[in-house]
Student: 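One structure follows; several queries about it will come next.
Naming convention: chains lettered A, B, ... in sequence-line order (proteins, then strands); numbering from 1 in each chain. Just so you know, these numbers come straight off a predicted model, no measurement behind them.
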2 protein chains.
Amino acid sequence: MVGLASSIERRNGVSLWRQIADRILQGIANGDFAENAALPAEMVLAERYGVNRHTVRSAIAALVQEGVLRAEQGRGTFVLSRKRLSYPIGARTRFSTGLQGQTSERHIALLSSSTEPASRRIAEALGIAKGAAVIRLETRGEADGHPVSRATTWFDAKRFAGVDRAMAETGSITASLKRFGINDYLRQSTVLSARHADADDLAALDLQPGAIVLVTVAVNVTLDGEPIQFAESRFPAERVELRLSAGD
Amino acid sequence: MVGLASSIERRNGVSLWRQIADRILQGIANGDFAENAALPAEMVLAERYGVNRHTVRSAIAALVQEGVLRAEQGRGTFVLSRKRLSYPIGARTRFSTGLQGQTSERHIALLSSSTEPASRRIAEALGIAKGAAVIRLETRGEADGHPVSRATTWFDAKRFAGVDRAMAETGSITASLKRFGINDYLRQSTVLSARHADADDLAALDLQPGAIVLVTVAVNVTLDGEPIQFAESRFPAERVELRLSAGD
DNA sequence: AAAATTTGTATATTGATATAGACAACTATA
DNA sequence: TATAGTTGTCTATATCAATATACAAATTTT
């Protein structure tokens, strides 16, 4: 955003307080509302957005609940939280190295894993027969203790037997693939979309209902171009932006 | 989406009917609901989502209004619309060539233009002094008569005087830049986010309120690395996906 | 100390959202 | 033709969302 005026829409299925909460979050991410500084007074915000003060209060209450703001009677309402993380995506997209410099600690937590027959879409992406066994990993990326991504990943079960255990032990895709003799890999394709977070996303990413997630669907390949991994990742749009790196 | 179960959330600021409408749109984009085929009956959908039949009807009514579905009394409700357009983004991102093969006609319409002093952010991106004059173009990308993008673009006014007229005449950024001796250019950086559409987006992109837009902020440079263009583009997430092309 | 500013609480009213049940209108099929 | 299945309409009720007004409580400024 570059300071384009955007207004509040009524009777669209999204309540005014949620729209205003979204815009305050945006404002924080964009630096319009500085960290640790006071937000404009409720009456001021109400006038700015053209709504009642109580509607602004509902928005603020949601963000206080979410841990983004802190309200103090008589003093004001203060911004607690940070700018958006900037997650780089390119040919050598790696979870951990991508967030270096922005966070002090990060890892991937394995939530669950299972083996299932490949759907048509996954089989095509991995270059195996439809219905062949694939290992499915449900993971959450965490940085400084906060969830920043929620991914579902598929591997050919024949070639990568035990990758689930490797993930649980190492907390890293890159490290896990090393155990299978893959020292380097490239991202072949990424498709990007956005939608409202579903119940699973809300729980795993610690989001408030109504939040938006960025969705990437990606295929990773060996240096020879052999597909090894198919993944769908969800990123909370209010906390993460994706930075597309050209060559690498 | 790859068939992950996701449920409906209550009292989150997003009404149930809008959430269900979103999921039906998703289902169409994913191919879960085939084109021209009948949707499951209202009672079936109501049971599936755990809501009243009338709530499903509200969602369907919104999508009928939007031109995505057609309801016929006694017969069923049918899917009208197509899959999402896939818009490629890479080093040589071009509006027109990117959608070749998916659409038969496309061009960029110039909605308005103005000259203004550069904000800090734009000045930094373009490598000019803060406050220096920049030309701002408001454009809409159209394919087969449907709006697919809404962009705000800035050029250094000194170097690109008359670029607004060139855009109006050619309907193409690439063709306009040729008039200034720029036969090729590269995308230096792209930052990606998502948010609810604002009033301007809704009108320009012919969206229903509550829709989500993908937002890209990009800088284009000459082959020598000299910045020439700064742009923020909005894409309707329900109709467009972004495909990241690795090298090119 | 007083005044002004700010967040917190309370009550009342209106419209949108969601549920429930019943039945009409239309279509396809047994 | 009769029946089952579908969308369309209607009435009623409860809850959520938003507005309006007033005042309390805490803090900062005058």
Student: May I have the step-by-step check of side chain to side chain contact (heavy atoms under 4.5 Å, CB included) for F155(B) and L137(B), ending in yes or no?
Tutor: CA-CA 8 Å; F155(B) 293 94; L137(B) 305 182; 3.7 Å; yes
Student: If you count every heavy atom of other residues, nucleotides or ligands that lies below 6.0 Å from E47(B) atom CD, does the total exceed 12?
Tutor: no
Student: Do you know the tightest heavy-atom contact between L63(B) and A21(B)?
Tutor: CD1-O, 3.8 Å
Student: Could you check how far CH2 of W17(B) sits from C1' of dA17(D), rounded to whole Å?
Tutor: 14 Å
Student: Side chain of R53(B), base of dG21(C): donor and acceptor closer than 3.5 Å?
Tutor: no
Student: Among dG8(D), dT19(C), dT19(D), which nucleotide sits nearest the side chain of A71(B)?
Tutor: dG8(D)
Student: Within this structure, what is the CG-to-P distance between N52(A) and dG15(C), rounded to whole angstrom?
Tutor: 16 Å
Student: Does the distance from a Lys or Arg side-chain N to an Asp or Glu carboxylate O, for D206(B) and R239(B), drop under 4.0 Å?
Tutor: no
Student: If you only use heavy atoms from C-beta on, which nucleotide in dT7(D), dA20(D), dT19(C) is closest to the side chain of V51(B)?
Tutor: dT19(C)
Student: Just the rounded figure in Å: distance from C1' of dT7(C) to CE of M43(A).
Tutor: 13 Å
Student: Within the sub-3.5 Å range, which N or O atoms of nucleotides 4-6 of chain C have a protein N or O partner, and how far apart are they?
Tutor:
none

Student: Is there, by distance only and without an angle test, a donor paired with an acceptor across the side chain of H54(B) and the base of dG21(C) below 3.5 Å?
Tutor: yes
Student: For Q65(A), which residues count as a side-chain hydrogen bond (donor to acceptor under 3.5 Å, both in side chains) partner, sequence neighbours excluded?
Tutor: none
Student: Rounded off to whole Å, could you give me the CG-to-P distance for the L63(B) and dT7(D) pair?
Tutor: 14 Å
Student: Nearest whole angstrom, please: distance from the P of dT17(C) to the CZ of R18(A).
Tutor: 16 Å
Student: Whole Å only: how far is the CD atom of E47(A) from the P atom of dA20(D)?
Tutor: 12 Å
Student: Look at E138(A) together with R136(A) and state whether they make a salt bridge at an N to O cut-off of under 4.0 Å.
Tutor: yes
Student: Taking only the side-chain nitrogens and oxygens of T55(A), find out if one of them lies under 4.0 Å from OP1 or OP2 of dT19(D).
Tutor: yes
Student: From CZ of R70(A) over to P of dG8(C), roughly how many Å is that when rounded to an integer?
Tutor: 12 Å
Student: With side chains defined as the heavy atoms from C-beta onward, is the minimum distance between R57(A) and E42(A) less than 4.5 Å?
Tutor: yes
Student: Among dA18(C), dT19(C), dT9(D), which nucleotide has an atom closest to any side-chain atom of S15(B)?
Tutor: dA18(C)
Student: Rounded to the nearest Å, what distance is computed from the CG atom of residue L45(B) to the P atom of nucleotide dT19(C)?
Tutor: 14 Å
